[in-house]
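Working notes, beginning with the structure itself.
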2 protein chains.
Amino acid sequence: MDNNSISRIRIKDIARLAGVSAGTVDRVLHKRGEVSDSTRKKILEIIEKMDYQPDILASALAARKPFRIAALIPHGTGESPFWKYPLAGIEEALNEIAHFGVSVDRYFFDYEDPDSFVRSSRKMLTHSPQGVILAPVCTGESASLLEECNDYGIPVVLINANICTGSCIAFIGQDSVQSGMVAARLMHYGLKDDADVLIINFTREKGNQEHILKREEGFRKYYRNFSTESDSRLIQLNISESASQQPDKILEDSLLSDPDRFGGIFVTNSRVFRVAAFLEKKGLEKPILIGYDLLQESKEFMIKGTIDFLISQKPREQGYKSVMTLYHHLVLRKQVGRTQYVPIDIITKENLEHYTFT
Amino acid sequence: MDNNSISRIRIKDIARLAGVSAGTVDRVLHKRGEVSDSTRKKILEIIEKMDYQPDILASALAARKPFRIAALIPHGTGESPFWKYPLAGIEEALNEIAHFGVSVDRYFFDYEDPDSFVRSSRKMLTHSPQGVILAPVCTGESASLLEECNDYGIPVVLINANICTGSCIAFIGQDSVQSGMVAARLMHYGLKDDADVLIINFTREKGNQEHILKREEGFRKYYRNFSTESDSRLIQLNISESASQQPDKILEDSLLSDPDRFGGIFVTNSRVFRVAAFLEKKGLEKPILIGYDLLQESKEFMIKGTIDFLISQKPREQGYKSVMTLYHHLVLRKQVGRTQYVPIDIITKENLEHYTFT
DNA sequence: AAAAACTCCGTGTACGTACACGAAAATACA
DNA sequence: TGTATTTTCGTGTACGTACACGGAGTTTTT
């Protein structure tokens, strides 16, 4: 029943069956040339027939070649601390597979600054990693990088956001449209049909906005399923995060003119804590507030009850999975899932504690 | 920065530093006796000082001793298919660590039949496994088994349910009280303060009922936090699953006498699909329905909207973690977390798809 | 005082793979 | 035909640990 390591076929066995030495088999396995076509063919046949699986323990031990993975992600400080969580997941994965010689070099860049992305990616490429974890926040630049990695034969795993070129081995992230529908479901379930809902997008000049758009799309899609005119009850508000504008000012204009109008507010990203802070400061009657990501800042507002629900993108799991995917590809040489959606977790005050490390 | 396998200290190095041969160090490491106290002490000091970490790859390769883990769990067929999911998680973990010679033997028993538990556990013990995964459904019998394993020095991991003896290395499961609070939160959020709620416990003559009690406790606790008299709005209904009674009959008595009384129903385990089936059959005005576990049976009712929310116990993750915990303990010889709570996942129609394999 | 038993420890080989080195065979070139 | 070159392949060692075997030295037994 168990086909694990007990008495599996070895290189030696193949060599014996083919009437050659182990070295020759090794050359065939590693395409290290200088083997006559006839023997190569014979060996490959035997490998096929006996379903030879290399012993990765012995392999890793003998090779002792380090697998260097590069992670190119925004730094998790300042405005969007989101990215420190994938990093934690990366560490976690590393702990489990460090014996195989896997290491991860981290290259950070600034969310808002495509130049810093390019600089970091240049630096990364000079270290010629065997695999890359890429957060394609800067869409255009990321696409070029992807091409380049493709030319060098470096496998790339996309994390968190997807860009639709085929030249990556996997995408790990969330189904954004669907997550918007989950948010809408929660909103509608608590609010029923009798109030307007404000959708707030904190936008950025630069950087990938796909997430935000798809989340809003999913949110609206859910509402449309109930009534055609319900769409008109969803009011959109875009707030630019660039310094030139005052977020609080805009919120004030929208919310204070008719304080009771909105029964619910849906914030399409992690900046939901900003809205929560505003609501608290102004002492407004509390609308239902739903947003994204269990950041430390938002956590406090959840405990106090200002934020009702958060959708988690499972950032830690994303980091974990991205390393593991490259490990499976590089070390175990196994097929990996092309699109790996992480679950759409609903966080609320009551289950928050058990998500602290997710 | 990276302390992974590159140029780590080896047995040879320790031997050289201690002025002995590698064999002696090996004897000290494995307590295989016949080493003078003085040299043993010296070697241990060096090991300590240099923070020697054995190379588990080389270790596993050289030893080639299989690690046999036994999983003693109810079979996942018939009434409660729950247990097939942990099994899937066990397989998944196995896939990742089979190269280390880890194998899992599965021993099944009948939830309701303590005798079958004892039979299975006897059989298991005759195969003297190096580690045990135990679902302590039969409380008393499990406690004795735990003692016995303790005597034999076999580490045990408890899965899903906890029994409060100290002689296991880890418990993996859910915080049941807290999960009840999550359910209550969802109920209260959708129902506000204006309706009675029915709490249905599907009970069994035998087997561990802790879960159910704690879930109800958490549910009530949440409601008490809002008003002291709210507790009186929570009506409890116990339905025995034994054949002698007719579940549907009891439901009929409770629900049909005053069809509009209950705005919500909370079922404290996976049998929520039974209630959903009943509601559909009778064509009752749909109350909010919340239960546990994403079983195939319940899934269909979620999609149709009869069941509003399910709390997932993440059974697959429980299985996965239990194997991994024993792997860390047995193979890596690392410290493992004593109590490993799995997250309290909220499943709804909209995020259901991404939980299919959790 | 020789034999036996026991304590302490070094040596050697195995685990399965990777890879360097160089020998033998095949081919090319003169 | 002899030499140079290339193709093809076998041998040996290394990776770090586990463990069996047995040698040298010491103590006990007869």
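Throughout, protein chains are lettered first and strands after them, A, B, ... in sequence-line order, and every chain is numbered starting at 1.
- Rounding to whole angstrom units, NZ of residue K65(B) and C1' of dT17(D) are separated by 11 Å.
- Enclosure of atom NZ in K334(B) by more than 12 non-hydrogen atoms of other residues, nucleotides or ligands within 6.0 angstrom is indicated.
- Formation of a donor-acceptor pair under 3.5 Å by the Q318(A) side chain with backbone atoms of G173(A) is not found in this model.
- Note: NZ (K12(A)) to P (dT17(C)) measures 9 Å, nearest angstrom.
- OP1 or OP2 of dG10(C) has at least one side-chain nitrogen or oxygen of T24(B) nearer than 4.0 Å.
- As rounded to whole Å, 14 Å separates atom P of dT8(D) from atom NZ of K42(A).
- Phosphate contact (OP1/OP2 of dT8(D), side-chain N/O of T39(A), threshold under 4.0 Å): absent.
- Between the CG atom of L57(A) and the P atom of dC15(D) there is a distance of 17 Å, given to the nearest Å.
- Of the possible polar contacts, none joining the Q130(B) side chain to the I154(B) backbone as a donor-acceptor pair under 3.5 Å is found.
- Under a 4.0 Å N-O distance rule, the pair R106(A)/E91(A) qualifies as a salt bridge.
- Applying the 4.0 Å criterion to OP1 and OP2 of dG16(C), one finds that S59(A) has every side-chain N and O outside that range.
- Side-chain proximity of D26(A) to dC19(D), dC9(D), dC19(C): nearest is dC19(C).
- Atom pair K31(B):NZ and dC8(C):P shows a separation of 17 Å (rounding to whole Å applied).
- In this structure, the ring of Y327(B) has its center less than 6.0 angstrom from the ring center of F100(B).
- Rounded to whole angstrom, the span from the NZ atom of K41(A) across to the C1' atom of dC9(D) amounts to 20 Å.
- Comparing dA20(D), dG16(D), dA18(D) against the side chain of A58(B) picks out dG16(D) as the nearest.
- The phosphate of dA14(D) has neither OP1 nor OP2 within less than 4.0 Å of any side-chain N or O from R64(A).
- At dG16(D), none of the side-chain N or O atoms of Y52(B) fall inside 4.0 Å of OP1 or OP2 (strictly under the cut-off).
- The side chain of R10(B) sits closest to dT17(D) out of dT17(D), dA18(D), dC8(C).
- For the pair E34(B) CD and dC21(D) C1', the computed distance is 14 Å after rounding to whole Å.
- Within 4.0 Å of L61(B), counting heavy atoms only, lies at least one base atom of the nucleic acid.
- Closest contact between the side chain of S36(B) and the listed nucleotides dC15(C), dC8(C), dC9(D) involves dC8(C).
- Between the CD1 atom of I11(B) and the P atom of dG10(C) there is a distance of 14 Å, given to the nearest Å.
- Projected onto DNA chain C by closest heavy-atom contact, H30(A) and R27(A) fall at different nucleotides, the more 5' of which corresponds to H30(A).
- When the side-chain nitrogen and oxygen atoms of R32(A) are compared with OP1 and OP2 of dC19(C), one or more of them lie within a distance under 4.0 Å.
- The A62(A) side chain lies nearest to dA14(D) when the options are dC19(C), dG10(C), dA14(D).
- Between D55(B) and R10(B), none of the side-chain N atoms (NZ, or NE/NH1/NH2) sits under 4.0 Å from a carboxylate O, so this pair counts as no salt bridge.
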